[in-house]
Amino acid sequence: MISYIVFLPLLAAIVAGLGGRFIGNFAAKLVTTGALFAACALSWPIFISFLTGHGTAGVTPVLHWLSSGDLVFDWALRVDTLTAVMLVVVTSVSALVHLYSWGYMAEDPSQPRFFAYLSLFTFAMLMLVTADNLVQMFFGWEGVGLASYLLIGFWYHKPSANAAAIKAFVVNRVGDLGFMLGIFGTFLVFRTVSIPEVLAAAPAVAGSHISFLSMRFDTLTILCLLLFIGAMGKSAQLGLHTWLPDAMEGPTPVSALIHAATMVTAGVFMLCRLSPMFEAAPVALGFVTFIGAATCFFAGTVGTCQHDIKRVIAYSTCSQLGYMFFAAGVGAYGAAMFHLFTHAFFKALLFLGAGSVIHAMHHEQDMRHYGALRKHIPFTYWTMMAGTLAITGVGIPLTSFGFAGFFSKDAILESAFASGPNGQLVFWVGCFVALLTSFYSWRLMFLTFFGKPRWGTSEHIQHAVHDHGQDHGHDHAAAHAHGDQHGHDDGTAGYHPHESPLSMLVPLALLTTGAVLAGYFFHHAFVGAEEGAHFWAGSIAFDAHLMHAMHEIPLWAKLMPASAMIIGLLIAWRNYIRHPDAPARFVANMSGLHNFVFRKWYFDELYDAIFVRPAQALGRIFWKGGDEAIIDRFGPDGAARAVAGTSGVAVKIQSGFLYSYAFVMLIGLAALVTWLMAVVR
């Protein structure tokens, strides 16, 4: 069964990618979407079997891969509880994204290529989560990197899409260098890359030292830090986060698949898979906690100022990943995976809901040109409302009533508080970020679905109305005049948003179910003290004592996340419903702070000054001074000039007159005779 789950998307990608031109758009979409729904249908029974206690962990061999001295590894598919959770996340979201793309990409001329890329990405992600050794994990790791490059730059005619794809590829290569060094070091220390063997031997290596960069370090600390650098790149943690918001240049289904629910969670999965190894390296775990909390705070602040609806959700993703990492850093791996699980549903829902809004608004993504859309696209409105209630953690404290994020985010914050002094510090950071999350999430909802229509200020809408008027001639003019008679002076430019097609709405409905119910039905299995230990069954380092202690924290600590959520909601309501002019006054009075946050803490400008410009200057030196001035001048260009000069002299000698040639021959003959006479003497 696991072989079908993994290789069906690969087969579909090959058929659609290589044969899409022959089988056509419909067949390519049918093959890829059908393969993903089949993989999804096979994944849920595996997950349910582990949920009910009937699942059996095991390894399915595929083929012998490599044998070189001590380095021996096979291509095998590992299935345990952690794998089962990821199989459900990857295949469910991917299948719904495939279906959603039927409507969203209906007018694109390259649909087979797009669906082939989606399926290729899913195959690579499945290879990553079923890996039995670090090399196989790295194969899937690089596979999702390649597929993300292809998908982000799918609209290659857009310079911004090409630039975003290259940026994602380059930044991830920085993180992947750390991941590779971590794998090399792991093999050097353990003489194997098999994940079970490494984890079994890790406690015995604790306390030993290894040479790195001519210095001595704790072995497991340096190995875990190197591996975590790879996770920082793939999961867009602070420092290697700059690629994630720019990746929104790809089609919206790409954003939902890669940058919300699957690829960016690969780092969290890797950390949880290697959790017994990280548990033996407390310094590395402290670094993970710090980076996760810093990322959580940074992305939360930036998300409050963005105008692009997809970028708001992108920074929200970055912030939620920070939650997952600092949960893992304090030892709450079950809570980290629980938030990964629930986040997959409500974040994919928000991204696809944003795509439905963008579809209704003729590809306009600036929320300042939205407003009052709840009456025009009510289904999209209610699904995004469910996603917002889930991400902000709406629920009734001390009860089992709440949306998905209520259970998973509160589990992270409560376990952080219970973990000790360092955990209590990140608890306060997490609570403040919960306030920011509530603020920017409700800000998105209020700007998009409430208030007055602001569509007339959008160039996209104006172009759409202009083109529609040209297509329909006097009929459009008459309709527009009719609208004027009814007093339509709200600046809507005669445009009427429309609901998305059924192929886009069905995935929204299914994801809404997950956003509403996933937390309620699964929180005992993921983070329950006894149930969690039974459910995870050793697939992660599950701390049952910590999960029990999080229920014993003070009442005020349990109420803090809900209080933060309410405060964020009230601030957003006051600024965007009650006093819509308040944000403009704030920006005018706090322009320095606003610019700092709006420009993403100037990370892009800083990297441009430190890395990009010096690299360009160095490149120009080698190009102009080295390549052109030295190599070309004295190499091929110099030889070409010498030949050209010599041929120029020869051309002048070729006069075309017979007596000139006879004279030259006579001179040559005389010179030859003179030379022979000199030699004979």
Within the supplied structure, the quantity of interest is the number of heavy atoms (other residues, nucleotides, ligands) at a distance under 6.0 Å from [X] [atom1]; does it exceed 12?
X: Tyr149; atom1: OH; result: no
X: His548; atom1: NE2; result: no
X: Phe187; atom1: CZ; result: yes

Within-4.5 Å side-chain heavy-atom neighbours: Trp102 and Thr33 =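 Answer yes - side chains close enough.
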If you take the centroid of each ring, where Trp contributes its six-membered ring, are [Y] and [X] closer together than 6.0 Å?
X: Phe542; Y: Phe535; answer: no
X: Phe407; Y: Phe338; answer: no
X: Trp44; Y: Phe47; answer: yes

Can you name the nearest heavy-atom pair linking [X] to [Y], along with the distance?
X: Ser438; Y: Thr392; value: CA-CG2, 3.6 Å
X: Thr289; Y: Val330; value: OG1-N, 3.7 Å
X: Leu546; Y: Ser415; value: CD1-O, 3.5 Å

Name each donor-acceptor pair under 3.5 Å that joins a side chain in residues 267-279 to protein atoms two or more places apart or in another chain, with its distance.
unit_1, atom_1, unit_2, atom_2, d
Arg273, NH1, Asp80, OD2, 2.6
Arg273, NH2, Asp80, OD1, 3.3
Arg273, NH2, Thr83, OG1, 2.8
Ser275, OG, Cys272, O, 2.7
Ser275, OG, Ala541, N, 2.8
Glu279, OE2, Tyr333, OH, 2.7

Partner set under side chain to side chain contact (heavy atoms under 4.5 Å, CB included) for His551, not counting sequence neighbours |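 Scan of His551 (side chain to side chain contact (heavy atoms under 4.5 Å, CB included), adjacent residues dropped) gives none.
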Pair Trp536-Phe526, ring-ring contact (aromatic ring centres under 6.0 Å, His included): steps then yes or no = CA-CA 8 Å; Trp536 290 110; Phe526 278 84; 5.4 Å; yes
Looking at Phe417, Phe326, Tyr323, which one forms a ring pair (Phe, Tyr, Trp, His ring centres under 6.0 Å) with Phe427?
->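 Exactly one pass, corresponding to Phe417.
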Rounded to the nearest 0.5 Å, what's the gap from NE2 on His98 to NZ on Lys29? Could you check?
->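 Going from NE2 on His98 over to NZ on Lys29, the span is 12.0 Å.
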